[in-house]
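Heavy atoms only: backbone and side chains are in, while hydrogens, waters and symmetry mates are out. Just so it is clear, the structure is predicted and the values come from calculations on it, not from any experiment.
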Amino acid sequence: MSEAIAIQARITGRVQGVSFRAWTHAQAQARGLVGWVQNEPDGAVRACIEGPRAVVQEMLTALHDGPPAARVDRVDSTDATPDGFETFEIRR
């Protein structure tokens with residue numbers, strides 16, 4: 001198994017009120033990734049995603065599309081230190 005990496009992603013556009021967090025949760029779980037996703041006060045969505053490099057990159061690519069009702073304008077990501085999460089959760 002490849003070494004786990006982590007990224008922090010900030011997604012902007014029409015990403016709140018369109019089930020973006022639930023979609024991200026489902027997509028991450030389907031890929032076996034761990035971490036979290038939450039709404040930000042400014043209307044963005046932030047996520048921390050951990051897992052094998054290729055799978056994290058695949059998830060990052062998926063974030064550019066989001067769920068059908070979303071309009072993603074931008075996805076900014078930075079490398080992060082893996083925290084060893086055990087699940088992927090939606091944070092309130």
Side-chain angles (χ1 to χ4, degrees):
M1 181 171 179
S2 68
E3 183 178 337
I5 67 159
I7 61 161
Q8 287 264 342
R10 184 172 188 278
I11 305 98
T12 57
R14 188 176 66 231
V15 294
Q16 289 191 17
V18 295
S19 299
F20 202 98
R21 290 180 302 157
W23 176 88
T24 301
H25 180 260
Q27 293 292 313
Q29 285 193 315
R31 290 174 169 83
L33 298 169
V34 297
W36 52 263
V37 62
Q38 69 184 23
N39 285 339
E40 295 287 295
D42 66 357
V45 168
R46 184 172 301 276
C48 179
I49 302 166
E50 295 183 15
R53 180 177 304 279
V55 185
V56 170
Q57 286 299 111
E58 179 184 298
M59 182 68 193
L60 185 58
T61 298
L63 290 173
H64 286 271
D65 293 324
R71 185 197 73 244
V72 176
D73 292 338
R74 188 172 175 152
V75 178
D76 293 313
S77 66
T78 57
D79 293 337
T81 302
D83 282 332
F85 294 106
E86 294 183 13
T87 62
F88 197 92
E89 66 181 41
I90 297 174
R91 293 186 173 175
R92 306 279 173 223

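The distance from atom CD1 of Ile7 to atom CG of Leu33, rounded to the nearest 0.5 Å, is 9.0 Å. Taken to the nearest 0.5 Å, the CZ atom of Arg46 stands 12.0 Å off from the CG atom of Asn39. Note that CD of Gln29 is 10.5 Å distant from CD of Gln27, once rounded to the nearest 0.5 Å.
There is no path of hydrophobic side-chain contacts, each under 4.5 Å, that joins Ile49 to Val34. Val55 and Trp36 are members of different hydrophobic clusters when ILVMFWY side chains are connected at heavy-atom separations under 4.5 Å.
The two residues Gly13 and Asp73 make their nearest non-hydrogen contact at CA-OD2, 3.3 Å. Of all the heavy atoms in Val15 and Arg71, the pair that sits closest is CG1-O, 4.2 Å. Nearest heavy-atom pair across Ala9 and Leu63 is CB-CD1, 4.1 Å. Between Cys48 and Phe85, the shortest heavy-atom distance links the atoms SG-CE1, 3.9 Å. In terms of heavy atoms, Gln16 sits closest to Val45 at CG-CG2, 4.2 Å.
Taking Arg91 as the reference, Glu89 meet the side chain to side chain donor-acceptor pair (under 3.5 Å) condition, with sequence neighbours excluded. Not counting sequence neighbours, the partners of Phe20 by the ring pair (Phe, Tyr, Trp, His ring centres under 6.0 Å) test are Trp23. Under the rule for a side chain to side chain contact (heavy atoms under 4.5 Å, CB included), the partners of Ala69 that lie at least two apart in sequence or sit in another chain are Val18. For the side chain to side chain donor-acceptor pair (under 3.5 Å) test, residues two or more places apart in sequence or in another chain that qualify with Gln38 are Glu40. Residues satisfying the salt bridge (Lys or Arg N to Asp or Glu O under 4.0 Å) test with Asp65, not counting sequence neighbours, are none.
The environment of CZ in Arg74 is sparse: at most 12 heavy-atom neighbours from other residues, nucleotides or ligands sit within 6.0 Å.
In this structure a side-chain-to-backbone donor-acceptor pair under 3.5 Å is missing from Glu50 to Ala4. When atom types are taken as modelled, the side chain of His64 and the backbone of Val72 share no donor-acceptor pair closer than 3.5 angstrom. When atom types are taken as modelled, the side chain of Asp42 and the backbone of Ala44 share a donor-acceptor pair closer than 3.5 angstrom.
Contact check for Val75 versus Leu60: side-chain heavy atoms found under the 4.5 Å cut-off. At least one side-chain heavy atom of Thr24 sits less than 4.5 Å from a side-chain heavy atom of Met59.
Identified under the salt bridge (Lys or Arg N to Asp or Glu O under 4.0 Å) test for residues 15-39, with sequence neighbours left out: Arg31-Glu58.
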